[in-house]
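As structure tokens, the structure follows; a few thoughts come after it.
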Amino acid sequence: MSDLEEEYRLDYFAENGFHRLECQSCGAAFWTRDESRETCGEPPCAEYGFIDDPGFEEEHTLEEMREAFLSFFEERDHERIDPYPIAANRWRDDVLLTQASIYDFQPLVTSGTTPPPANPLTISQPCIRMQDIDNVGKTGRHTMAFEMMAHHAFNAREEVDDEYAYEGEVYWKSETVQYCDELLAELGADPEGVTYIEDPWVGGGNAGPAIEVIYKGLELATLVFMSLEQDPEGDYEMKDGNTYSKMDTYVVDTGYGLERWTWMSQGTPTVYEAVYPEMIDFLKDNAGIEYTDEEAAIVHDAARMSGNLDIDDVDDVEAARGDIADELGVDVDELRELVEPLEDIYAIADHCRALAYMFGDEIVPSNVGTGYLARFVLRKTKRLCDNAGVDAPLDELVDMQADRLGYENRDTIRDVVRTEVEKYRETLERGSRRVEQLAEEYAGRDEPIPTDDLVELYDSHGIQPDMVEEIAEDYGAAVDVPDDFHAQVVERHTESADETDEEEADLDRERLADLPETERLYYEDQNRLEFEAMVLEVIEREEGYDVVLDQTMFYPEGGGQPADHGTLSAEDVTANVTDVQRVDGVVLHRADEDPGTGEFVRGQVDGTRRRRLMRHHTATHIVGHAARQVLGEHIRQAGAQKHVDSARLDVKHYESITREQVEKIERIANEMVMDNAPVSQEWIDRNEAEAEHGFDIYQGGIPGGEQIRLIHTDEDTQACGGTHVSRTGDVGAIKLLGTERIQDGVVRLTYAAGDAAIEATQRTERALDEAADVLDVAPEEVPETARRFFDEWKERGKQIEDLKEELAAVRASGGGAGEEVDVDGTTAVVQRLDADMDELRATANALVEEEKVAVIGSGADGAKFVVAVPDSVSINAGDVVGELAGRVGGGGGGPPDFAQGGGPDTDALADALEDAPDILRQLQNA
RNA sequence: GGGCCCAUAGCUCAGUGGCAGAGCGCCGCCUUUGCAAGGCGGAGGCCCUGGGUUCAAAUCCCAGUGGGUCCA
């Protein structure tokens, strides 16, 4: 088993007088020019040495530092690359947010499948790390939003020649360290003070040697040499306990924290004051934070010290605060009161920057995906503002950051923030009403609000426990928030997931591995429907056969476009194709007959179906483009499905779509159709495509491979594998059928194209005509008439009610056929009345009004009874009904003064009523 | 993608299988008045939709629709 020590013996260290030492405090190995050095230099082994004593020659702003870095590497033959969106799910589907510059090149570039956009390259990549959210503001150095400056080089071993998308070695470890050392020197750092700590890196199935660059106590950069992959047979055992072996590709992955370099150059007490000083000033002013000189000195020292501590979670922060207070000789509560508002303000500034990145990159708040993360941050920020007494509107604060970061869609950003803040306000309002009720209830019982309720309030209604505490206090109810509150919430979510049946799929893969990729004729000519091919393999299925051909015109299901149908004809069999799937490049035709392996077949695609699907596919691109024009640049596809009769497109949008907007989208879409612009396909290098059109081409998902297929529809460009008509005019017409919000932040547009559009229109027209016929009016008058009819219908319902009551009153006052019997001095009326329950009830009520016991039976729909007893009589109506209902094979019950029941045996009804007087007498005596 | 919660009068919500309710708002009358208000009466309900269980469903079960919320 080798270890990585050898990997760190770099020429650069040897040639420049470096020594390999061991930290006397933590034992880590590190390289330094200063032979007398005792520690590695990183807290807690050492303290910050740059607060009030900047480590570089000149102060840099964030922008200046970024430029200094990028141009440094540009001068050294690196190409400067524009940053990628913060929403990493635009180009990869395994993560939501960009958390490091290397994310931009995973997984396709790092694995060698796709070439990098440049090699070597340099970039300053905005990143968001949500896991740090609770530390922001408290430690002085944590930020959720940051820029990772980096230079990357992608290397492949010489001996593997053209297997990967890049070849040979650009540069490796020694050069990487040299760059870092020179950059530090250029900025005026003291070379003797820099240490390079050996700290192997492991992550996501890869690993490699890595070096932490420490200067004046601050970790300024990490130089990662990604060169190992997880391998049970591997020679290298890493700190995660797994073994790794060398890869054919090896990648220089560096990370230079822009904020930290800026901070180093300024030596402010916290990083926040270095990065966005204007915003901190604004917020302080807005929240009315003012300190006396003495207080200011305490705050300054406390900030310096908390930055100095090795704190990794919030509990530590609270503990550390005590130590700091001791050292400064102030009371811990006093200290907290001084610094907490300031900490909130630091966090607000940072969070607003994260929000600016998110909304600037057109993430739409929602309850899923990146949208949820955005919502989460926004709500947290709003709470911080309220807490710190910042009364500036949140959209203004986010806009300050968006402005600084140079976003151009600032109006939309503010719109989104305003809408979202309003939603939050509504949630809180709803929530507090709920809490008030609970608080009142438990305060009345003098019990604390139970934890279960707290968890439910949070999980189902979005109300933070501290908010519950606040409200409950007003009602005098106690709240005990358990330490493991969050764990209990998580507990509610740990239900086992569905197990998917992947066995068959695995089996297929093995069997298909030997077959060549099916040649896709449908890309060569999207209008051809006939072809000839050879049957390479037939796999028998439970229902039918999967036929593999050498080439096919059949489009397999994909990109929301359903599979083609049609036939495969051999000499003496014709098989119907009802489904087509593509697995690992091999197209499987699901057929009802076996055409025979080795046979030549003539394929015929169902043209009507295909043409309808093609129209709907092209229409989908058109509608998406039109929606973007009407609703805004942030409109992105969240999903799409094409059918023969209609299609739907789900787009991300932060509010529901109005009738006017629908009509406008429809109008623009049809203008595009009428323009009859060409729809063209193009196979193009993916970097080129991304460079020219951006990541928005990946509306329908992210294809693999070096070459991708673009569909140009008028001005719209998308990466798409579907089949399309050749001119927009071929779509015929587009009719929007409806919109609905399928979840928060996602709106579904349903539409039909071509003959399906005509059919859809005819369908709705027919429905309207039929309705008009029924009402016997002209179609235009249907709404008015329907309204009138509905009103009249309601009116009549009420009249019937009234009449029933009147009728009942008349019956009760002697007009009815009821048999009056005397039950020990009380008058009872036993009556059969074959009517519905309402009428029975009304009659019984009317009799009770006259101080009579009512026993009413009905045989209208099974046997039914209603028994009502005046207050003055001590007979339990429920018991009477129970007894009566028993005789008709059913049951019944109710309160003592009014009960109802029944049973299925209508024939026994008369006998039961006959017995009623006896039953009454019996029960009265009971 | 998954979990949980909710849907009843114009609004906010009660209603644990047995007659559809409260507060606010609305209308009318009365009292009082500088204003705020107070008293009495009234109108206003496809209890989200569709199935099921039951003698009986706003209520229980299933499915759907709509909204909310938490998590990945």
Side-chain angles (χ1 to χ4, degrees), chain A residues 89 93-97 130-131 365-373 375-376 379 423-424 426-434 436-437 440-441 452-464 485-498 500 638-639 656 740-746 748 790-791 793-795 797-798 801 804-805 808 836-846 848 854 857-868 877-878 881-882 884-906 908-909 912:
Chain A
N89 59 349
D93 49 20
D94 56 337
V95 291
L96 295 175
L97 295 174
M130 298 277 293
Q131 52 272 41
S366 147
N367 59 340
V368 290
T370 49
Y372 174 70
L373 300 181
R375 168 167 294 169
F376 179 82
R379 291 185 173 190
K423 275 190 167 171
Y424 188 41
E426 282 169 17
T427 293
L428 290 183
E429 206 175 279
R430 246 192 322 271
S432 40
R433 279 197 299 264
R434 227 185 166 83
E436 279 166 22
Q437 273 173 11
E440 205 165 8
E441 185 189 331
D452 276 355
D453 282 328
L454 286 183
V455 173
E456 162 137 0
L457 279 171
Y458 176 69
D459 198 32
S460 299
H461 305 286
I463 305 153
Q464 310 283 333
F485 176 78
H486 214 73
Q488 292 195 30
V489 175
V490 172
E491 181 69 20
R492 279 174 67 131
H493 292 272
T494 45
E495 300 285 295
S496 63
D498 292 348
T500 45
S656 43
E740 56 179 332
R741 279 175 27 132
I742 58 167
Q743 62 186 29
D744 204 13
V746 180
R748 171 168 295 173
F790 186 68
D791 287 346
W793 172 76
K794 284 210 293 194
E795 192 51 44
K798 271 175 263 171
E801 280 293 293
K804 274 184 185 168
E805 266 169 48
D836 65 30
M837 230 32 186
D838 280 344
E839 221 170 312
L840 264 56
R841 274 198 293 259
T843 307
N845 279 335
V848 166
S858 161
D861 177 25
K864 298 274 162 70
F865 299 100
V866 170
V867 175
V881 162
L884 287 169
R887 298 180 187 217
V888 292
D897 61 329
F898 191 96
Q900 47 201 306
D905 188 1
T906 318
L909 177 61

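Below, each value reflects all heavy atoms present in this structure, side chains not excepted, and no hydrogens, waters or symmetry copies. All values reported here derive from a predicted model rather than from experimental measurement. Chain identifiers are assigned alphabetically (A, B, ...) following the order of the sequence lines, protein sequences preceding nucleic acid strands; residue numbering begins at 1 within each chain.
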So which protein N/O to nucleotides 59-66 of chain B N/O distances come out below 3.5 Å?
residue	atom	partner	partner atom	Å
B:rG66	OP1	A:Glu740	OE1	2.8

Under 3.5 Å, which N/O atoms of the protein pair with N/O atoms of nucleotides 47-49 of chain B?
none

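Scanning atom types as modelled, one donor and one acceptor separated by under 3.5 angstrom connect the side chain of A:Asn367 and the base of B:rU69.
For RNA chain B, the neighbouring residues in residues 891-899 of chain A, judged by any heavy atom under 4.0 Å, are A:Gly891, A:Gly892, A:Gly893, A:Gly894, A:Pro895, A:Asp897, A:Phe898. RNA chain B is contacted by A:Arg841, A:Asn845 of residues 838-846 of chain A, taking any non-hydrogen atom closer than 4.0 Å.
Taking the ring-ring contact (aromatic ring centres under 6.0 Å, His included) definition, one finds that A:Phe898 meets it with nothing, sequence neighbours left out.
Side-chain N/O atoms of A:Arg379 include one lying less than 4.0 angstrom from OP1 or OP2 on B:rU69. Applying the 4.0 Å criterion to OP1 and OP2 of B:rG68, one finds that A:Ser460 has every side-chain N and O outside that range.
When rounded to the nearest whole Å, the span between CD of A:Gln437 and C1' of B:rU12 equals 9 Å. Taking atom CZ on A:Phe865 and atom C1' on B:rC19, their separation rounds to 19 Å, with Å as the unit.
Look at the P atom in both B:rG15 and B:rU59: the space between them is 14 Å, to the nearest Å.
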Its dot-bracket string being built from Watson-Crick and G-U pairs below 3.5 Å, with | for another strand and [ ] for crossing, RNA chain B has the pattern (((((((..((((....[..)))).(((((.......))))).....(((((..]....)))))))))))).

